[in-house]
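Values below: every heavy atom of this structure, side chains too, minus hydrogens, waters and symmetry copies. Reminder, nothing fancy here: chain letters follow the sequence lines and each chain counts from 1.
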Amino acid sequence: MSNLKITVDGVSVAVDAGTDGFGLFTSKTIVAQRVNGALKDLAYKVLEGDEIEGVEISSEDGLNILRHSTAHVLAQAVQNINPEAKLGIGPPIKDGFYYDFDVEEPFTPEDLKSLEKEMERIIRSGQRFMRRVTNEADAAKELSNEPYKLELIGLKGSELGDGAAEVGAGELTIYDNVDPASGETVWFDLCRGPHLPNTRMIGGAFSLMRSAAAYWRGSEQNKQLQRVYGTAWPTKDELRAHVGRLEEAAKRDHRRLGAELDLFSFPEEIGSGLAVFHPKGGMIRKVMEDYSRKRHEESGYDFVYSPHVTKSNLFEISGHLSWYAEGMYPPLQLDEERDENGVVRKQGQDYYLKPMNCPFHILIFKSQGRSYRDLPLRMFEFGTVYRYEKSGVVHGLTRARGFTQDDAHLFVTPETMESELTNVLNFVLGLLRDYGLDDFYLELSTREEGNPKFVGDPAVWDQATSILESVATKSGLTLVPDPGGAAFYGPKISVQARDAIGRTWQMSTIQLDFNLPERFDLEYTAADGSRQRPVMIHRALFGSIERFFGVLTEHYAGHFPPWLAPLQVVGIPVADEFNEYLYDVADVLRSKGVRVTVDSSDDRMQKKIRNHTKDRVPFMLIAGGEDRDNRAVSFRFRDGSQENGVPLEQAIERILAAIESKEQV
RNA sequence: GCCGACUUGGCGCAAUUGGUAGCGCACCGCUCUUGUAAAGCGGGGGUUGUGGGUUCGAGUCCCAUAGUCGGCUCCA
């Protein structure tokens, strides 16, 4: 008889005692149930008053369960092949999962192949995932061979981090993998769950992607384990689509496009992480910089310049040498000179390549007495900085060792701080939109209680943080908190932008700083004649020009809009005879500031079209007899579409308009 | 910095168990060339990232170093 009243997907129903998720949900795509907000296996037996929802495999929770179960199968496969392997953790992640193992030999690509085979066998065998509640003492006994799991048991309830998939805040549980034929437990793992009912539901849409080392529990102090990354999807079509997205991202990789389109390179002779821009990349960069300068000038910024090297003293005052010395290039040591008696005649001196521009701008502020009438003072510089990034992190233009920041420092009075921040945020968003990015959210990076990295008075931090938060909230954009992510001297807002294929990039940062003004003892004279300390706002819109260049390259997949394209128009004659006509057309365009050339090489027209399409020239103007006779040209665009016989005046108008409007074509 | 993989003409690749470097594109020359993604023929170019070592002999094996790639850690 029906004696339990529960709610299923919002509908009240009465069910028999002992009813579980298998009884409530018949759809094969329901893989788990959410009971009173908590995820449970389908095997969970409902209780009076439970509010239950089915979890679809294609939902975010469903995918996580699928991937986590696949991770378990991976771990079982690893231990089947190598019983000596010790288990780390194996959580689901975006698009997939990983599992860490302590093994003697790192996994090879061949190992991954044989692991996939073993996983397929396990999946086909249809093992059931059976939840079993245990306690610390029993679990410790069962897992006595698994030192890392033992460590997690000891951590239960305290700071968990990535271990959260193994042990939750509630009961300690183990999942047994039970062979359906023999009823025997063939493998088990400490796990919070939930899981798919059985391995067969994983299906065939999974793949092991790569292996790599990873520190146990994410700390450099710990041993490195061998991590295997995999991906898993409800269907093979979704797996294929995912692989397709990865290929698309690889095709857009700015490092690859940089070489293909002859934009920039990293000559080995110069050193890791140090780029040179070739003429085409240089043109794009110049346009970016010119436009940025124009916008800064319009917005009341002053332009300043500072040298690339400085005596160590400057970064001692700023505090960078005590906090970030290992991130700076080692000093150029100017030797001291001694006379014949060994007495110092000239003191030695250390010079550093600058890793930041702020102290230089501060010195400009200090070069004279400042009045409240001078503020806000906004100093802008394309400042090239050098940071000795660790060898393993250098990555094309997005993580280089030498790069140029579009850096500005605003010196403001406490009263104008909030309005200046609002202006800066609007300025940033407007400029980013001009570069074709228009999907943003904000991140508020704050200090972490008790972390000695953060300097200064906590009360001041709180004040700064609340001002930033208020400005960010008023922008109307989504605000995501980032506790502990602040700079050592103050909190910051960063603008995150989504690119054409949905990836997010941290772009601009706006940081408040109460610390450096104090260290450098900055002052201005207030209206009442008193000496006051200004507040500094650090901000960079592109972050670094190189990085922004890389992001734009990937955003546009190399198809830069006309205003940025290094070559905007190329004339392609149908035959040599029409070169002259196209030269005339090109002259007109060039006189209006268009970057144009005529391809008068020996190649055939078809070959020229192919070459310039691959080069991503936005406008190809083709001309033959018909066009010349009618004073017209034929457009061909990068996507292969074309428009013939466009009157010359109209064609020129159109090209100029496209450049002027910064639109994409 | 740590773990692993990789490095052959400008670029992309090839070279049996170690036996003395090839191909395509690009480049140069010549001939040809009127309608939307590769004309034909010929030519030049590499002491295989660098430095050591093993060997009669090394692109192939070993060591070191630089650089690149994938992760981890880091990112003022």
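- To the nearest whole angstrom, the two P atoms, one in B:rA38 and one in B:rC32, are 23 Å apart.
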Exercise answer: donor-acceptor pairs, residues 260-273 of chain A side-chain atoms, under 3.5 Å, sequence neighbours excluded:
unit_1: A:E260; atom_1: OE2; unit_2: A:R256; atom_2: NE; d: 3.2
unit_1: A:S265; atom_1: OG; unit_2: A:H278; atom_2: NE2; d: 3.3

Go through the steps to decide whether A:F542 and A:R547 satisfy the test side-chain contact (heavy atoms from CB on, under 4.5 Å), and finish with yes or no.
CA-CA 7 Å; A:F542 298 153; A:R547 191 181 130 85; over 6 Å; no
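- Of the side-chain N and O atoms in A:R210, one or more sit less than 4.0 angstrom from OP1 or OP2 of B:rG71.
- If you check distances only, the side chain of A:Y215 does reach the base of B:rG1 with a donor-acceptor pair under 3.5 Å.
- Note on A:H395: a side-chain N or O is less than 4.0 Å away from OP1 or OP2 of B:rG70.
- The nearest whole Å value for the distance from the OH atom in A:Y98 to the P atom in B:rG4 is 20 Å.
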Give each protein N/O atom lying under 3.5 Å from an N/O atom of nucleotides 33-36 of chain B, with the pair distance.
unit_1: B:rU33; atom_1: O4'; unit_2: A:R604; atom_2: NH2; d: 3.4
unit_1: B:rU33; atom_1: N3; unit_2: A:D576; atom_2: OD2; d: 3.4
unit_1: B:rU33; atom_1: O4; unit_2: A:D576; atom_2: OD2; d: 2.9
unit_1: B:rU34; atom_1: O4; unit_2: A:E577; atom_2: OE1; d: 3.0
unit_1: B:rU34; atom_1: O4; unit_2: A:E577; atom_2: OE2; d: 3.4
unit_1: B:rG35; atom_1: O6; unit_2: A:G625; atom_2: N; d: 3.1
unit_1: B:rG35; atom_1: O6; unit_2: A:E626; atom_2: N; d: 3.1
unit_1: B:rG35; atom_1: N1; unit_2: A:D627; atom_2: OD2; d: 2.8
unit_1: B:rG35; atom_1: N2; unit_2: A:D627; atom_2: OD2; d: 3.3
unit_1: B:rG35; atom_1: N2; unit_2: A:S634; atom_2: OG; d: 3.1
unit_1: B:rU36; atom_1: O2'; unit_2: A:R636; atom_2: NH1; d: 2.9
unit_1: B:rU36; atom_1: O2'; unit_2: A:Q642; atom_2: OE1; d: 3.1
unit_1: B:rU36; atom_1: O2; unit_2: A:R636; atom_2: NH1; d: 3.3
unit_1: B:rU36; atom_1: O4; unit_2: A:N644; atom_2: OD1; d: 2.6

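- Where A:F488 and A:R638 meet RNA chain B, the nucleotide closest to each residue was compared, and A:R638 sits on the side nearer the 5' end.
- Within the 4.0 Å cut-off from OP1 or OP2 of B:rC72, at least one side-chain nitrogen or oxygen of A:Y229 is found.
- With hydrogens and angles ignored, the 3.5 Å screen pairs no side-chain donor or acceptor of A:D350 with any backbone N or O of A:S312.
- Rounded to whole angstrom, the span from the OH atom of A:Y329 across to the C1' atom of B:rC75 amounts to 15 Å.
- Residue A:S391 places at least one side-chain N or O closer than 4.0 Å to OP1 or OP2 of B:rG1.
- Considering A:F488, A:F514, A:W461, A:W323 as possible partners of A:F454, the one that fulfils the ring pair (Phe, Tyr, Trp, His ring centres under 6.0 Å) test is A:W461.
- In this structure, A:E381 contributes its side chain and A:S306 its backbone to a donor-acceptor pair below 3.5 Å.
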Does A:D615 form a side-chain contact (heavy atoms from CB on, under 4.5 Å) with A:K280? I'd like the steps, not just the answer.
CA-CA 11 Å; A:D615 250 9; A:K280 288 183 190 171; 3.1 Å; yes
State the dot-bracket string of RNA chain B. Criteria: Watson-Crick or G-U wobble, both atom distances under 3.5 angstrom; notation: ( ) intrastrand, [ ] crossing earlier pairs, | interstrand, . unpaired.
(((((((..((((.....[..)))).(((((.......))))).....(((((..]....))))))))))))....
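- For B:rC75, its base never sits under 3.5 Å from the side chain of A:E389 at any donor and acceptor pair.
- At whole-Å resolution of the value, NZ in A:K223 and P in B:rC3 are 12 Å apart.
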Test side-chain contact (heavy atoms from CB on, under 4.5 Å) applied to A:F97 and A:L74, step by step
CA-CA 10 Å; A:F97 60 89; A:L74 165 63; 3.9 Å; yes
Dump the pairs, protein N or O against N or O of nucleotides 25-27 of chain B, anything under 3.5 Å, distances to one decimal.
unit_1: B:rA26; atom_1: OP1; unit_2: A:K607; atom_2: NZ; d: 2.8

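- Looking at A:E546, its side chain does come within 3.5 Å of a backbone N or O of A:T404 through a donor-acceptor pair.
- Paired with A:E151 under the rule salt bridge (charged side-chain N to carboxylate O under 4.0 Å, His left out), one option of A:K86, A:R217, A:K223 passes, and it is A:R217.
- As judged by a 4.0 angstrom heavy-atom cut-off over every strand, A:G327 is placed among the base-contacting residues.
- Backbone-only contact: A:A214 has heavy atoms under 4.0 Å from sugar-phosphate atoms and none from a base.
- Of the charged side-chain nitrogens involved, none lies within less than 4.0 Å of a carboxylate oxygen, so that A:K251 and A:E247 do not count as a salt-bridged pair.
- Whole-Å rounding puts the A:R399 CZ to B:rC74 C1' distance at 6 Å.
- In terms of position on RNA chain B, the residue among A:K614 and A:E326 whose nearest nucleotide sits closer to the 5' end is A:K614.
- Rounded to the nearest Å, the gap between the C1' atom of B:rG59 and that of B:rU50 is 15 Å.
- As rounded to the nearest Å, B:rG18 and B:rG53 have C1' atoms that lie 15 Å from one another.
- Using a 4.0 Å heavy-atom distance criterion, A:P106 is classed as a sugar-phosphate-only contact.
- Using P as the reference atom, B:rG4 and B:rA58 are 29 Å apart when rounded to the nearest Å.
- At least one donor-acceptor pair under 3.5 Å links the side chain of A:S114 to the backbone N or O of A:E110.
- Side chains of A:E554 and A:W505: no donor on one and acceptor on the other come within 3.5 Å.
- Using modelled atom types and a 3.5 Å distance limit, the side chains of A:Q511 and A:Y489 yield a donor-acceptor pair.
- A gap of 46 Å separates the P atoms of B:rG49 and B:rU34, to the nearest Å.
- Distance CG (A:L512) to P (B:rA76): 16 Å, rounded to an integer number of Å.
- Rounded to a whole angstrom, the distance from the P atom of B:rC25 to that of B:rC63 is 39 Å.
- Of all the residues in residues 248-272 of chain A, A:R255, A:E268, A:S272 reach under 4.0 Å from RNA chain B with at least one non-hydrogen atom.
- Annotation: B:rA21 and B:rA15 have their C1' atoms spaced 7 Å apart (nearest Å).
- When heavy atoms are screened at a 4.0 angstrom cut-off, A:F107 is found touching no nucleic acid atom at all.
- B:rC41 and B:rG46 have their P atoms separated by 25 Å, given to the nearest Å.
- A:E643 and A:S641 form no side-chain donor-acceptor contact under 3.5 Å, judged by distance and modelled atom types alone.
- With sequence neighbours left out, A:Y229 forms a ring-ring contact (aromatic ring centres under 6.0 Å, His included) with A:Y98.
- We find the CG-CE distance between A:L410 and A:M379 to be 9.5 Å, quoted to the nearest 0.5 Å.
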